[in-house]
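Everything on this sheet refers to the single structure shown next.
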Amino acid sequence: MAKTNTLDLTKNDYKGRPSTLCPGCGHNAISNQIISTAYDMAIEPHRVIKLSGIGCSSKSPAYFLGRSHGFNALHGRMPSVGTGAMAVNRSLIAIGVSGDGDTGSIGMGQFKHVMRRNVPMVYIIENNGVYGLTKGQHSATQDEGVPQKYYGINEYPAVDIALEAIVGGASFVARSFSGSPREVQALLSAAIRHNGLAVLDIISPCVAFNDTDASTKSYSYVRENLDVLHEVEFVGYVPQAENIEIDERTYERQGEILVEMHDGSRVVLKRVDEDSYDPTNRHEAIRQVEEARRSNKILTGLLYFEPERRTLHDVENLIDTPLVDLGEDVLRPSKEALDEIMQEMMI
Amino acid sequence: MAKTNTLDLTKNDYKGRPSTLCPGCGHNAISNQIISTAYDMAIEPHRVIKLSGIGCSSKSPAYFLGRSHGFNALHGRMPSVGTGAMAVNRSLIAIGVSGDGDTGSIGMGQFKHVMRRNVPMVYIIENNGVYGLTKGQHSATQDEGVPQKYYGINEYPAVDIALEAIVGGASFVARSFSGSPREVQALLSAAIRHNGLAVLDIISPCVAFNDTDASTKSYSYVRENLDVLHEVEFVGYVPQAENIEIDERTYERQGEILVEMHDGSRVVLKRVDEDSYDPTNRHEAIRQVEEARRSNKILTGLLYFEPERRTLHDVENLIDTPLVDLGEDVLRPSKEALDEIMQEMMI
Amino acid sequence: MADVLQAPEQAVGDETIVNDFQIIVATVNGTGSQTSNSLVIRSLFRMGIPVNGKNIFPSNIKGLQTWYTIRVSKDGYVARKEENQVLVAMNKSTIIEDIKQLPAGGVCLYDSGIRYEPTRDDILTYAMPVDDIMDQTDVKRSLRERVRNMVYVGALASLIGIELAEIEASLNAEFPGKQKVVDLNMSVIKLGHAYAEENYDRPSPFRVERMDETKGKLLMEGNAAAALGATFGGVQMLSWYPITPSSSVADNAMKYLSKFRIDKETGKASYAIIQAEDELAAIGMVLGAGWAGARAMTATSGPGISLMSEFAGMAYFAEIPSVIWNIQRVGPSTGLPTRTSQGDLLASYMLGHGDTQHICLLPANLKEAFEFGWRAFDIAERFQTLVFVLSDLDLGMNLWMTEPFDYPDEPMDRGKVLNAEQLNEHIKEYKRWGRYHDVDGDGIGYRALPGTPHPQAAYFTRGTGHDEWAVYSENSDVWVENLTRLTNKIAGSRDKLPQPIVETVDAADFGVIAFGTVDPAVVEARDRLAAHDKTFDYMRVRALPLSPAVREFIEAHDTVYVVENNFDGQLAKIIIMDYPELATRLKSIAYLDGLPFTAKFIVDSIMEHE
Amino acid sequence: MADVLQAPEQAVGDETIVNDFQIIVATVNGTGSQTSNSLVIRSLFRMGIPVNGKNIFPSNIKGLQTWYTIRVSKDGYVARKEENQVLVAMNKSTIIEDIKQLPAGGVCLYDSGIRYEPTRDDILTYAMPVDDIMDQTDVKRSLRERVRNMVYVGALASLIGIELAEIEASLNAEFPGKQKVVDLNMSVIKLGHAYAEENYDRPSPFRVERMDETKGKLLMEGNAAAALGATFGGVQMLSWYPITPSSSVADNAMKYLSKFRIDKETGKASYAIIQAEDELAAIGMVLGAGWAGARAMTATSGPGISLMSEFAGMAYFAEIPSVIWNIQRVGPSTGLPTRTSQGDLLASYMLGHGDTQHICLLPANLKEAFEFGWRAFDIAERFQTLVFVLSDLDLGMNLWMTEPFDYPDEPMDRGKVLNAEQLNEHIKEYKRWGRYHDVDGDGIGYRALPGTPHPQAAYFTRGTGHDEWAVYSENSDVWVENLTRLTNKIAGSRDKLPQPIVETVDAADFGVIAFGTVDPAVVEARDRLAAHDKTFDYMRVRALPLSPAVREFIEAHDTVYVVENNFDGQLAKIIIMDYPELATRLKSIAYLDGLPFTAKFIVDSIMEHE
Ligand SMILES: Cc1ncc(C[n+]2csc(CCOP(=O)(O)OP(=O)(O)O)c2C)c(N)n1
Ligand SMILES: Cc1ncc(C[n+]2csc(CCOP(=O)(O)OP(=O)(O)O)c2C)c(N)n1
Ligand code: SF4
Ligand code: SF4
Ligand SMILES: [Mg+2]
Ligand SMILES: [Mg+2]
């Protein structure tokens, strides 16, 4: 008998349709990591919505969580669709998948603004530096100097998704690599538990068009140039496991940084060199990302975390009940209410 | 007789139609500063193109440089129009005027991408924190906590235009205040001489909708909270004035930072406190802007300058002659050329 | 109304015209004149006189020419008239032109502080030394500009006979609880009034007299009615990007929803109004919310419509209930942002690339703005598609009289939605549930919303080809089947949307078809044409795709005029595309200059043919 | 062609059908099959046999079903046929269905490595043990997948009679100078060929034989022809955002422009090709460049068209020369990105809110793709407006035979542009120059470009209301005058755009109107119908707004079929809107399933009525 999680669901129950992406595509690995994470966290599939734009990356929601609703939207417009859905049903868990073209080019505006609104939602960018689905044009995240078979050398500075996210006001920003499954899963778990917008910039090589030696987004380059900030571990909420009173959402213990999530679960960041990295320091986060950028390193880990930012639901001052669950009794004011207004206006 | 500049033009020759903006609007002051700058620099009006989006700010090109061509484009789309025009006529001087709504909301994508392309062009954001022309809605640059008569308190984090510009790859980023004419003119002169995209974030109060005591973009608030980085002076190119050989585009002399522009003119940045500020240090620029943001100060001056970035014309490897000046002899290949291709394909 | 046709629209000699003329107030915007004008209208309304106001304002905040026409009509006509009999001239930059426009016998009340002396001797002129009058007050300098327009309210009241008591009552209604403001304004109005009483010895030939024609009615703007309608339609999410003339739909929705939909105990909202970063995001949020099962809408205008094209096509094809209010202004392009038009009919009806078609509702008055406000959601959810409501600046931003609105006479129709239990039953009955599986033969599948706790509830929504099980497909037959079902689905709405209103007469000479705010002009034209012994049957279309009744109506007439406020005769084109065989019976009367239609234009156009 | 109609489209018995059948190759995409198929086509072409290929590929990079049809037609027909006589079955996931589709008597060449044994005994089957054959080679594992499809090239060549020498010549043309690649592929082809020679003892009833029908012709894709046309039109700026099926327009433009427009001395470019961040930016750049005086274009497809709506309206209204190539694919919404359609006709023609209208050119073949490639700029600059060129995936991405293109027979028409000197003269003649001042009575003003050294050259371009002097105006009369001029300007193009091509016969039974890639199917249908003793006059429309000749053509026929590859019969609608009085003569034959039109469909549709 297949193994099951605490919901009595097998891993199969978290799978989607067979992938039609290229064998070896980084996006497939990420789909698998999403499947594993959801299984491990025992997330109820029906509570998840999968959102995406257009691109190979944006196709991938069809290939995981087949029991969850999906909305494959328009190119660059996933954020607005997610915002609308989450505004009216706060009980859902939104997992958005986008590409570097989808987010960094046509979707730049919506990307920036969904962060400002801090919509509770996981926003994954499957970043391969090219437009896969349209066959290998440079995208806005392609590094300077990288050549493409048909399109020559890219001479424009790359959009750094993580830097844009931090500067743009995202409350959770992480970077990882599709070939680092443990890290991706830990960050994904934390992102799902985060009460706000969580940006995950995942380098995800395109084997068809950008996996050459000259590419900074090839498997080989990324593997050799990973700069891992810390070892990330996600610890689900264990009641009473800890009886130390703490006020801070982030604190250090034995050289480990502990980040308390909204629901009491935790991210443990184990240092990998002398200093431990405090992800709540926005300025330090910018500095590190900038530095990695300059030295063409792929800095991975939880780059930035701001626990207290008000979410869309806070700002909109929404009732706890998801709006979609309200009946006509609440939604349509009474006849008396109308008559009263009419009466008032008649005088 | 009216005074004239070296082109024998009077200041009047640089004026536009009478403004239809509200008396006291910051945008009017900026129009005047553009007029003065162009007059002082003796710019040939016919070489200038004025570009804008939609908004009160974007109307203002009608009110200056009446002898220059103008293109009042669509909301948020000035950058692309400017890019197209400059791509085909590199001899023009482009002055783009936008608003905070025009750039920070609907125009965010084009704003980000025109910077990546480093299109030689002055990009002024007349920043008042609101949508003036549609009557006072919060724009994306409105600070958190600022109230609006009909639209309540803004609870979303403000887009920091200058920070977005630096991070986005602009090669010249400055901030000023419509009520600081000397500074605006000096920065504008430098921006015009800059060979690349120059972003000028000019705080420009809206007297109709955002000049209240509670606003951080009111005349009174801005005046009280200016944090002037340095005194900016623009010195037009004076041949032989200097016979020191210098390699660097930016260097320090007697506590002043000197920035050599592309054509040999110079920006002198005189320090106003102990340290002089080096605008070519991207990281320091980010730090300063971030800090000012946190303390709600309006940091003005030349925030960032990167002299060596390749422009659109470099990347596109364009010939020196403006493309629009080419005749049919160059533009249309010969009959032999066509026949040759046809021949090749027949085999 | 025969007299109006026979006599030129002018005051002649000493005859007094009562309750049948049009006032035009020429001012500078940003000077508070909107309050003054609305006071005049409200006061006339309180006097029981049918009245309608139209604001002709510039795309600008302060300092430019603005006109406001106030039509007083004992017969209840609310269309714009081409001629104004009474001019209030407060704007020095337009006064010369303004006075030129007055017909002989017209009245001109003007600010004599403007250095311009009216020279026409075929009109009656009344000078108001506004600044001098203001000097008599102790109003603070800083407030002066804001209240100086009250002078003309007082002088006009005296001249044409508006009762001061009703003005005061209107002021109280406008500024409830703000006695100081009321007093301040009233003091200026009284001075203006006193000045006129003392100085104007020639009486105006145009006068108002109390009637009893507005009892039980109220004055409102269309955008407020739309917002109120949406409120009673149970709107859950509204996303918008500001654009004239639609912004006040959102403004009013904020007002009404915060009144009715804040939870008493927690103080929290059962709705979300989100100002988007642009129209692409606004419609994206609407689709996200509609997909998730909410009643979601946006309000916009021409440029926003263009930007929403791609998502509109997706709403049609992925079948997502959603509502767009298009408060039309003059296009193409940015056009005349503060002028009215019906020029987006074709663009909205077919918005998006490929073969697309959207249901459009066409309100003509406040009651319909309110009704379509709630009904649009029922229709969107019933047909699982995008529904446009095409209002315009004239209806949206001007003050109109109306009877009180009727409370929705049907419970909310949430369309075909299955919860977990119903899904089980459905599967029992039909073996399998498919999002686009047409089990009822009406082309409409059943939805299962995100969050439905059922292992088979999930499906994948996409803008790419899909079969009835919502599975991706590039198959040719699947495409044709799907598009055929969609076409049939929309066609199936033809007799279920608001049906045309038809008014017939005996032995009509011809037929007239119109829609929206052209209506008041058609109604007036009908009476005027009667004087020419020309009568017509009138069909007012209220939705697209067209009702089958349209064909019948055309078949019953040899000639049918199609009257509309656009350049290309768009409704006529739509009718022709639907009923090519009837094409030759149609004559298009299409005109667009930014101003609301007039009866005169219709009469003249028809008389040219008849 | 009568025989084709009388006999079912099948091979019967032992009869050999020469040069008149259709091959379908079923493969998996991303496996190099495109090279194999293009080799087959090119080799047939070299044998002098008229041929046409159509790629039916998925919206995906690798691993999904792909079909390629190759029509061999001694009579020169290049339309798709519904039935395929020869199947090359290389895809195990579709083989069952693929074989089902074969008519009785058909030929099936299949990869016997697929664990599927064809069971139909009414077809001829030929097994190819592809992996076994590959095992005989010393091709490296890593390269194997890329060349294994060459096996079927060889086997097919043997089976139907393609000459190996021509295949080798085609390979050399495909990989010029790359002898190793040629040898590698050739070795595999030869093995496939040898296998077939040895093992297939029943000859195929479908054979090819050398002809002399392709001499002086060439094979090309429409997007390459478009790009070449733009190159010879002197394009200065091309901005684009990648989207299937239009991307190869830009790709080819890069190729040709870098060949012809790099300055020999400096190595610098006299053109700019800019990959935009989205379609909004792409069209914005085009307008900026067009305004500045350059020939600028973009290429896109459905979703891009939707996003360009707002700027399209502005181009119309502000009168900015600009060119959009719309390589149509199936919509609405994302639709079928890799399937062909003519479904954006209405959307393009009227793109944008308000009353808008755009000139559209409608190429049907490579020569027109080339010609409209350069002519579009002449028209855009002459009429100072946006010009659409509506191609489609079928024309754009498939290989077509063509005669060599004709060099432009006219110098570039840069339209009415005044330099400083001409401006002086203009002012002398007309007192004043106004950007929108119509001195010639054709609705077209004179432009003075940015940078013109003249104190009066500057004007302000805007999407808001403006008068003939380009000054902002909200005036009603100004609006009407301006829109009237614009309408007349576009109407004035009707007889100056590419005129319809008309082919008449004596005493035709009816008329047919079509446009674009439906043409080859109409041409073939005409011959087939002749066998039914039905003849028709054929008008192929080549531009919108419609030529006056269209009216004449319709007037000359009681019945006119309008044939088009979309769902709603969009051309028919446009004709009806223009000529409502002729509406009843039209019958719409509209169909869209993503595949190119067939003659059979047209014949069947017409015969249903006749
Ligand atoms: C409006 C619009 N423009 C263009 C396209 C064509 N298109 C499809 S996918 C894509 C790029 C996808 O790139 P990215 O987001 O990086 O995804 P990847 O395929 O690399 O995973 C483009 C341009 C489209 N579908 N819609
Ligand atoms: C596509 C589109 N959407 C909305 C509008 C309406 N609109 C005109 S100006 C404006 C906001 C302008 O704000 P900003 O750029 O800050 O300029 P300001 O008026 O404050 O100077 C908006 C939303 C429009 N013209 N076009
Ligand atoms: S083309 Fe690239 S991104 Fe797309 S599926 Fe293949 S490897 Fe992945
Ligand atoms: S509304 Fe504000 S931004 Fe517009 S003109 Fe007036 S003061 Fe300036
Ligand atoms: Mg990508
Ligand atoms: Mg602003």
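Note that these values count all heavy atoms, side chains included, but never hydrogens, waters or copies made by symmetry. First the proteins, then the strands, lettered A, B, ... as listed; each starts at 1. Just so you know, these numbers come straight off a predicted model, no measurement behind them.
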Between Thr37(B) and Asp40(B), is any side-chain donor less than 3.5 angstrom from a side-chain acceptor?
no
Expected contact set for residues 307-318 of chain D against chain B at heavy-atom separation under 4.5 Å reads Glu310(D), Phe311(D), Met314(D)
Practice item. Flag this pair as yes if the NZ/CZ of Lys50(B) is under 6.0 angstrom from the six-membered ring centre of Phe64(B) and inside a 45 degree cone about the axis; otherwise no. Key: yes
Please confirm whether the backbone N or O of Ile320(D) pairs with a side-chain atom of Ser322(D), one donor and one acceptor, at under 3.5 Å?
yes
Bottom line for Leu312(B): the part with an atom under 4.5 Å from chain D's heavy atoms is side chain
When the 4.5 angstrom heavy-atom criterion is applied to Phe232(D) and chain B, the contacting part is both
Open item on the list: I'd like to know if the side chain of Asn72(B) reaches the main chain of Gly53(B), judged simply by a donor and an acceptor atom lying under 3.5 Å from each other, with no hydrogens or angles considered.
Closed with: yes
When the 4.5 angstrom heavy-atom criterion is applied to Val88(B) and chain D, the contacting part is side chain
If one checks every heavy atom of Ile54(B) against chain D at 4.5 Å, the contacting part turns out to be neither
Under 4.5 Å to a heavy atom of chain D? For Glu44(B) that would be neither
The interface call for Arg42(D) against chain B, heavy-atom contacts under 4.5 Å, is neither
message = I'd like to know if the side chain of Asp467(D) pairs up with that of Ser473(D) as donor and acceptor (distance under 3.5 Å, no hydrogens or angles considered).
response = no
